[in-house]
Amino acid sequence: MTDFPPGKVLLLDMDGVLAEVSRSYRASIISTCHEYGATSITFDTVAEWKARGGCNNDWRLSFDLIYTDPNGDKSVTYDQVVETFEKYYQGKGETPGLCDLETLIPSVEILEELKKRCGKN
C-alpha cells in the first residue's frame with residue numbers, strides 16, 4: 001500500500017467503491033420497472049441515466065424510468081415504487097433480497113489498514 005500521511009477522517013462512497021452493487025441496486029431498479037410494465041428498461045438504460053448525474057435516489061430513478069417508458073404504468077405511485085423496490089432489494093418473507101449478492105470491492109486487509117491509519121474513531 002502507498003505511504004500516505006496518517007488521516008483523521010476517511011470518507012468513501014458505498015456504491016461502486018466499497019460494494020459491487022450492479023446485481024443488487026441496479027437489478028432492483030430494473031425488476032421494479034418491469035413489474036410496472038416498463039420492460040424497455042435495461043442495465044444500459046440505468047447506466048445512461050446514472051451517468052447523466054442527479055440519479056442517486058434509486059426509488060426516484062425507478063419511478064421516473066417507469067413514467068418515461070411507453071408501456072410503464074402511469075398510475076403507479078411513488079410509495080408503490082418504493083415498496084416494490086425494497087421487496088426486490090431487501091427481500092420479503094422467505095424470499096431473499098438482491099442485497100445478498102453484494103460483494104466487497106477492496107480486500108478486508110486494505111480496509112483494516114485504512115482503519116488502523118485513521119485511528120479508533
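Throughout, residue positions are numbered sequentially from 1 according to the sequence presented.
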Can you check side-chain contact (heavy atoms from CB on, under 4.5 Å) on Arg26 and Lys50, steps first, answer last?
CA-CA 10 Å; Arg26 293 188 181 199; Lys50 291 271 189 186; 3.6 Å; yes
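Listed by chain and number, the residues in a side-chain hydrogen bond (donor to acceptor under 3.5 Å, both in side chains) with Glu48 amount to none (sequence neighbours excluded). With sequence neighbours left out, Glu94 forms a side chain to side chain contact (heavy atoms under 4.5 Å, CB included) with no residue at all. With sequence neighbours excluded, no residue satisfies ring-ring contact (aromatic ring centres under 6.0 Å, His included) with Phe43. With sequence neighbours left out, the side-chain hydrogen bond (donor to acceptor under 3.5 Å, both in side chains) criterion links Thr103 to no other residue. Looking at residues two or more places apart in sequence or on another chain, you find no side-chain hydrogen bond (donor to acceptor under 3.5 Å, both in side chains) involving Trp49. With sequence neighbours excluded, no residue forms a ring-ring contact (aromatic ring centres under 6.0 Å, His included) with Tyr88. Under the side-chain hydrogen bond (donor to acceptor under 3.5 Å, both in side chains) criterion, Thr42 pairs with Thr45, not counting sequence neighbours. Residues passing the side chain to side chain contact (heavy atoms under 4.5 Å, CB included) test with Ser24, sequence neighbours excluded: Val21, Tyr89, Leu98, Glu102. Annotation: side chain to side chain contact (heavy atoms under 4.5 Å, CB included) contacts of Gln80 (sequence neighbours excluded): Tyr36, Val76, Thr77. Looking at residues two or more places apart in sequence or on another chain, you find a salt bridge (Lys or Arg N to Asp or Glu O under 4.0 Å) between Arg60 and Asp64.
The two residues Cys33 and Ser62 make their nearest non-hydrogen contact at SG-O, 3.7 Å.
Lys87 NZ to Ser31 OG: the interatomic distance, rounded to the nearest 0.5 Å, is 9.0 Å. The CG atom of Asp58 sits 10.0 Å away from atom CG of Leu65, with the distance rounded to the nearest 0.5 Å. Distance NE2/His34 to OG/Ser40: 7.0 Å, rounded to 0.5 Å.
If you chain together hydrophobic residues whose side chains sit under 4.5 Å apart, Leu101 and Ile30 never meet in one group. Ile29 is connected to Tyr78 through a chain of hydrophobic side-chain contacts under 4.5 Å among Ile, Leu, Val, Met, Phe, Trp and Tyr, so both are in one cluster.
Thr95 places no side-chain N or O within donor-acceptor distance of the main-chain N or O of Gly91, the cut-off being under 3.5 Å. No donor-acceptor pair closer than 3.5 Å links the side chain of Thr84 to the backbone N or O of Val81.
Note: Phe85 and Tyr25 have parallel aromatic rings, judged against thresholds of 30 and 60 degrees for the angle between ring planes.
Other residues, nucleotides and ligands contribute more than 12 heavy atoms inside 6.0 Å of the CD atom of Gln90.
Within the structure, salt bridge (charged side-chain N to carboxylate O under 4.0 Å, His left out) pairs that include any residue of residues 65-74 do not occur (at least two apart or interchain).
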